[in-house]
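These numbers were taken from a predicted model, which means no experiment stands behind them. Quick note: residue numbers are just sequence positions, from 1.
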Amino acid sequence: MANNNRIVLIDALRGLALAGILLLHHIEHFDFYQKPIYNIPWLIRIDRWVWDNLFLLVSGKAFALFSLLFGLSYWIIHENRVAKGETYFLRHFWRMFILIILGIFHLVFFRGDILIMYAILGLPLVIAPYMSNRSILILSIVLLINPVNIYTFGSYLINNSVIDFRLPYPKVNINEFLVDGSFLEVLKINLTSGYEGSIVWSWNVGRIFAIPGLFFLGVYFSKTKMLTDKPLRFWYHFLVLTFMLCLVFDVIGDVWVQHIENKLHLGIFKPIIDGYFKLVMMFFMLSLIVIIWRHNNGKVWAAKFSDFGRMGLTNYILMSIIGAILYYGWGAGLYKYCGSFTTFLIGILALIFQMKFSSWWLEKYEQGPLEKIWRKITWIKM
């Protein structure tokens, strides 16, 4: 497959991941968990159905795919600089610093920003060029399994006891600010307790290890050209394997986790098993998309998301700006009137708008606006 097709596939995958994140954030009111004021039984049932099924299909999977592609993109940039006879080692630190600045701007609108965490946890990627493919793969697997989880399971099996490594959340009712707070009051809480809560949540559900694990796995995928050059037979086998693992973790969750009586143990093991299930389900979905893509030489429905994914940074921040204006108290305050079903429909409309905007923009310019800024500042002469 030509290199251009490889890039289009990556953009399409990124677009699909972003689309899932966008829809999930809309039904969550962008981390503003407040039920609407209506009490219509049939609509409440539909809201619950939309919430449950969108979480099943998207929650944790879209994030994992987005993270995988971040690592994959790192290696493409590294390769491009090496091909020009340049080094990327120090420039990567500068690039991640710029991403932190963009993340801080994103925090103005949404406390659940992932860019700052990506930038910090993406710094160790600079060691990837000095590692063998085998070492990168082993490191990524260890991080994805999570050393803390390994210790927790070992302690439970050997001593029938566990250490609670979870951190306490900030004792602030953020919803109060999102309901009545002004833009500046929400900004202040986003930059302090709001973001602190996001970091604590990421640690408690294992994302602090999962993110670098997916980054390094993305590097491995890129170095070995897994998405485009690996025989389709591998992807069929991987599809079956990940499907079986989904069933295994689902059974573990139903048969063992749901019957843990100790509340402390339940609170620890439930997110661990849930995290593994989401991870293998992402790989199942990825396998399915890759198989369909390669059988049809990229002429599939997923290709429609390539422009949206090509402007991933711009669209990620833009979706939060739109969401904050729509749902927060300082904006239109739609959280009061819109449940999961209505916000899902709004999310579909927002997604269509951003996809159309991306295609229109890329017809006129080579890159998205924030992508252009990020690139310009990254390669500024020092």
Sequence neighbours excluded and cut-off under 3.5 Å, please list the side-chain donor-acceptor pairs for residues 256-265, or say none.
unit_1: His259; atom_1: ND1; unit_2: Asp254; atom_2: O; d: 3.3
unit_1: His259; atom_1: ND1; unit_2: Val255; atom_2: O; d: 3.1
unit_1: Asn262; atom_1: OD1; unit_2: Leu264; atom_2: N; d: 2.9
unit_1: Asn262; atom_1: OD1; unit_2: His265; atom_2: N; d: 3.1

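- A donor-acceptor contact closer than 3.5 angstrom is absent between the side chains of Asn133 and Thr224.
- When only modelled atom types and interatomic distance are considered, Lys278 and Ser59 share a side-chain donor-acceptor pair under 3.5 Å.
- Using a 4.5 Å cut-off between side-chain heavy atoms of Ile, Leu, Val, Met, Phe, Trp and Tyr, with links allowed through other members, Val82 and Ile136 fall into different hydrophobic clusters.
- Residue pairs satisfying the ring pair (Phe, Tyr, Trp, His ring centres under 6.0 Å) criterion with at least one member in residues 170-199, sequence neighbours excluded, are listed as follows: Phe183-Trp330.
- Taking Ile, Leu, Val, Met, Phe, Trp and Tyr as hydrophobic and joining them when side-chain heavy atoms fall under 4.5 Å apart, one finds Ile158 isolated, its cluster having no other members.
- Between Arg111 and Leu178 the shortest side-chain heavy-atom distance falls below 4.5 Å.
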Let me check something: any side-chain donor-acceptor pairs from residues 374-382 under 3.5 Å, sequence neighbours excluded? List them with distances.
unit_1: Trp374; atom_1: NE1; unit_2: Arg95; atom_2: O; d: 3.1
unit_1: Thr378; atom_1: OG1; unit_2: Trp374; atom_2: O; d: 2.6

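- Residues that satisfy the side-chain hydrogen bond (donor to acceptor under 3.5 Å, both in side chains) test with Ser359, not counting sequence neighbours, are Asp307.
- The closest side-chain donor-acceptor pair between Ser132 and Ser135 falls under 3.5 angstrom.
- Both the sub-6.0 Å distance and the 45° axial angle are not jointly satisfied by Lys356 relative to the ring of Phe353.
- Two rings, from Tyr88 and Tyr74, have their centers less than 6.0 Å apart.
- Considering only residues two or more places apart in sequence or on other chains, Phe243 meets the ring-ring contact (aromatic ring centres under 6.0 Å, His included) condition with Phe284.
- Applying the ring-ring contact (aromatic ring centres under 6.0 Å, His included) test to Tyr337 and every residue at least two apart in sequence or in another chain returns nothing.
- Partners of His26 according to the ring-ring contact (aromatic ring centres under 6.0 Å, His included) rule, which considers only residues two or more places apart in sequence or in another chain, are Phe30, Tyr327.
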Side chains of residues 46-56: which donor-acceptor pairs under 3.5 Å do they make with residues two or more places apart or in other chains?
unit_1: Asp47; atom_1: OD1; unit_2: Ser340; atom_2: N; d: 3.3
unit_1: Asp47; atom_1: OD1; unit_2: Phe341; atom_2: N; d: 2.9
unit_1: Asp47; atom_1: OD2; unit_2: Tyr38; atom_2: OH; d: 2.3
unit_1: Arg48; atom_1: NH1; unit_2: Asp52; atom_2: OD1; d: 3.1
unit_1: Asn53; atom_1: ND2; unit_2: Trp49; atom_2: O; d: 2.8

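- Note: His25 and Phe110 meet the aromatic proximity criterion, with ring centroids under 6.0 Å apart.
- In the hydrophobic clustering, where aliphatic and aromatic side chains (Ile, Leu, Val, Met, Phe, Trp, Tyr) are joined below 4.5 Å either directly or transitively, Ile138 groups with Val142.
- Using a 3.5 Å distance cut-off with no hydrogens or angles, the side chains of Arg14 and Ser73 do pair a donor with an acceptor.
- Residue pairs that meet the ring pair (Phe, Tyr, Trp, His ring centres under 6.0 Å) test with at least one member in residues 122-144, sequence neighbours left out, do not exist here.
- Residues Pro212 and Leu121 share a closest heavy-atom pair of CD-CD1, 4.0 Å.
- Under a hydrophobic clustering in which Ile, Leu, Val, Met, Phe, Trp and Tyr are joined whenever their side-chain heavy atoms come within less than 4.5 Å, directly or via other members, Val251 and Tyr276 fall into different clusters.
- Of all non-hydrogen atoms in Ile163 and Ile268, the two that sit nearest each other are O-CD1, 4.2 Å.
- Summarising the geometry of Ala12 relative to Ala303, their closest heavy-atom pair is CB-CA, 4.3 Å, with the distance given to 0.1 Å.
- Among residue pairs with one or both ends in residues 302-324, those qualifying as ring pair (Phe, Tyr, Trp, His ring centres under 6.0 Å) are His106-Tyr316; sequence neighbours excluded.
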